[in-house]
2 protein chains.
Amino acid sequence: MAKTRSYSKKREGILEVMRQTNCHPSAEWVYQKLKPKFPDLSLGTVYRNISLFKEEGTVISIGTVGGQERYDANLAPHAHLVCDKCGAVADVWTELPVDSFYQEVEGTCGGKILRHEVIFHGLCQNCLEAETAFIES
Amino acid sequence: MAKTRSYSKKREGILEVMRQTNCHPSAEWVYQKLKPKFPDLSLGTVYRNISLFKEEGTVISIGTVGGQERYDANLAPHAHLVCDKCGAVADVWTELPVDSFYQEVEGTCGGKILRHEVIFHGLCQNCLEAETAFIES
DNA sequence: TTCGTTGCAAACATTTTGCAGTTTC
DNA sequence: GAAACTGCAAAATGTTTGCAACGAA
């Protein structure tokens with residue numbers, strides 16, 4: 001049978017922090033962000049709770065950037081832009097018609113598609129502006 | 001100035017193995033595959049050379065599956081299907097018109113897009129068939 | 001009281017690195 | 001001979017886990 005779940009102030013805090021940001025945080029980032037509020041917080045607890053969130057679908061993993069897994073608590077379907085320079089992950093809300101290809105893709109590869117992810121790579125706004133300023137100087 | 005590059009039999013072997021498979025190998029997989037041919041091969045050498053390939057664009061990283069980075073030496077633009085069950089990565093050759101949105105996306109997010117990646121998640125053909133067989137039994 | 005939750009530190013797994021010896025040019 | 005390449009083992013990094021103490025129901 002399914003495991004019961006007790007209330008936990010720290011779990012609540014972890015989810016809250018993840019929902020309040022759109023920086024697609026790593027576990028470490030969440031930990032640092034919460035450390036002032038919960039001085040006895042442990043990194044293991046952050047990992048354990050994020051694990052739970054992933055299992056129940058409360059947050060999703062959007063991949064690894066610079067060796068660290070990054071998460072998103074915003075479940076509305078959207079794409080991401082990963083900055084090659086600074087590792088920032090920005091939301092991309094442009095609608096991309098990838099969904100409409102599921103059936104076609106399943107037909108050619110013989111598998112079953114449950115979801116998809118679009119990741120753009122390049123420069124975030126900050127790094128692009130910094131680079132442009134440098135070239136113009 | 002740019003560093004010169006010497007010939008290396010092992011480097012050649014590593015690239016050859018990566019080009020001959022379409023399993024999107026991890027460093028460990030490449031190492032195991034080459035160990036019989038080069039009994040004194042070291043895992044560090046595999047990592048170092050794959051690093052070079054990535055820098056010069058000879059292979060690309062397609063992300064991390066089950067904690068291991070996976071690579072693709074096939075540079076023709078295509079998408080991938082990552083199996084949630086067994087971690088296999090399959091090529092998806094269906095053309096997805098994501099490129100045509102670069103300009104629009106750059107306009108809304110203010111960054112610079114250099115490339116993109118589409119990752120489908122679900123079940124590979126093998127795992128789908130296994131599951132179907134199980135349900136029908 | 002029972003069982004989920006946590007801190008802590010140790011354990012793990014993957015990847016990187018320093019160094020001394022080897023190979024390429 | 002100089003510079004690149006490699007094996008090896010140690011280090012670094014991110015993540016997981018065992019256990020005893022703690023907190024919620």
Side-chain angles (χ1 to χ4, degrees), chain A residues 1-18 23-56 58-72 82 87 89, chain B residues 1-18 23-56 58-72 82 87 89:
Chain A
M1 54 177 152
K3 215 183 275 187
T4 59
R5 181 74 47 92
S6 297
Y7 171 81
S8 144
K9 201 157 197 169
K10 285 168 184 170
R11 180 181 306 138
E12 186 181 58
I14 291 167
L15 185 53
E16 193 186 353
V17 160
M18 294 180 84
C23 78
H24 313 85
S26 62
E28 176 71 27
W29 188 95
V30 172
Y31 173 72
Q32 293 299 342
K33 196 78 178 177
L34 278 174
K35 195 69 178 168
K37 185 170 179 184
F38 301 107
D40 66 337
L41 180 66
S42 132
L43 192 50
T45 296
V46 175
Y47 276 110
R48 272 190 277 233
N49 279 292
I50 292 181
S51 238
L52 289 180
F53 297 153
K54 277 198 291 182
E55 269 174 42
E56 65 193 25
T58 311
V59 310
I60 57 166
S61 167
I62 57 172
T64 301
V65 179
Q68 295 192 137
E69 190 163 5
R70 302 281 287 266
Y71 309 95
D72 196 343
V82 177
V89 178
Chain B
M1 56 179 151
K3 215 183 272 186
T4 59
R5 182 72 47 91
S6 296
Y7 172 81
S8 144
K9 201 157 199 169
K10 285 169 183 168
R11 171 150 59 230
E12 185 180 60
I14 291 167
L15 184 54
E16 192 185 354
V17 160
M18 295 180 82
C23 79
H24 313 84
S26 63
E28 176 71 29
W29 188 96
V30 173
Y31 172 72
Q32 293 300 342
K33 195 76 179 178
L34 277 174
K35 195 70 178 167
K37 185 169 177 186
F38 301 106
D40 66 339
L41 181 65
S42 135
L43 192 49
T45 296
V46 176
Y47 276 108
R48 273 190 276 235
N49 279 292
I50 292 181
S51 237
L52 289 180
F53 297 153
K54 278 199 290 184
E55 269 174 43
E56 65 191 25
T58 310
V59 310
I60 57 166
S61 167
I62 56 172
T64 301
V65 179
Q68 295 191 137
E69 189 163 7
R70 303 280 288 265
Y71 309 94
D72 195 343
V82 178
V89 179

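Below, each value reflects all heavy atoms present in this structure, side chains not excepted, and no hydrogens, waters or symmetry copies. Here is the naming used below: chain letters follow the sequence lines, and residue numbers restart at 1 for every chain.
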Handout entry: Neighbour count >12 (heavy atoms, 6.0 Å) for atom NZ, Lys10(B)
Key = yes
Starting at atom [atom1] of [X], determine the distance to atom [atom2] of [N], rounded to an integer number of angstrom.
X: Lys37(B); N: dT6(D); atom1: NZ; atom2: P; value: 14 Å
X: Asp40(A); N: dA21(D); atom1: CG; atom2: P; value: 17 Å
X: Lys10(A); N: dG4(C); atom1: NZ; atom2: P; value: 19 Å
X: Glu12(A); N: dA24(D); atom1: CD; atom2: P; value: 12 Å
X: Phe53(A); N: dT5(C); atom1: CZ; atom2: P; value: 11 Å
X: Phe38(A); N: dT6(C); atom1: CZ; atom2: C1'; value: 12 Å
X: Arg11(B); N: dG7(D); atom1: CZ; atom2: P; value: 12 Å
X: Lys35(A); N: dT6(C); atom1: NZ; atom2: C1'; value: 12 Å

Exercise for the section: Determine yes or no for a side-chain-to-main-chain donor-acceptor pair under 3.5 angstrom, with Arg11(A) supplying the side chain and Asn49(A) the backbone. Expected result: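 Side chain of Arg11(A) to backbone of Asn49(A), a donor-acceptor pair under 3.5 Å: no, none is there.
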Fill in the blank from the handout: For nucleotides 20-25 of chain C, 5' to 3', base contacts (B), sugar-phosphate-only contacts (S) and non-contacts (-) with protein non-hydrogen atoms under 4.0 Å give ----SS
Roughly how far, to the nearest 0.5 Å, is [atom2] of [Y] from [atom1] of [X]?
X: Leu52(B); Y: Tyr47(B); atom1: CG; atom2: OH; answer: 15.0 Å
X: Met18(A); Y: Ile50(A); atom1: CE; atom2: CD1; answer: 4.0 Å
X: Leu43(B); Y: Lys35(B); atom1: CG; atom2: NZ; answer: 9.0 Å

Handout entry: Working for side-chain contact (heavy atoms from CB on, under 4.5 Å), residues Phe38(A) and Thr45(A)
Key = CA-CA 12 Å; Phe38(A) 301 107; Thr45(A) 296; over 6 Å; no
Problem - Heavy-atom closest contact (Val17(A) atom, Lys33(A) atom, distance) - result: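 Shortest heavy-atom separation between Val17(A) and Lys33(A) comes out as CG1-CG, 3.9 Å.
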Problem - Glu28(A) versus Ser26(A), side-chain donor and acceptor atoms under 3.5 Å - result: no
Practice task
Could you please spell out the steps behind the side-chain contact (heavy atoms from CB on, under 4.5 Å) verdict for Lys54(A) and Tyr71(A)?
Solution key: CA-CA 9 Å; Lys54(A) 277 198 291 182; Tyr71(A) 309 95; 4.0 Å; yes
Shorter than 3.5 Å, N or O on both sides, protein versus nucleotides 11-18 of chain C: list them out with atom names.
| from | atom 1 | to | atom 2 | distance (Å) |
| --- | --- | --- | --- | --- |
| dT14(C) | OP1 | Gln68(B) | OE1 | 3.4 |
| dT14(C) | O3' | Gly67(B) | O | 3.4 |
| dT15(C) | OP1 | Glu69(B) | N | 2.8 |
| dT15(C) | OP2 | Tyr47(B) | OH | 2.1 |
| dT15(C) | O5' | Tyr47(B) | OH | 3.1 |
| dG18(C) | O6 | Arg48(B) | NH1 | 3.2 |

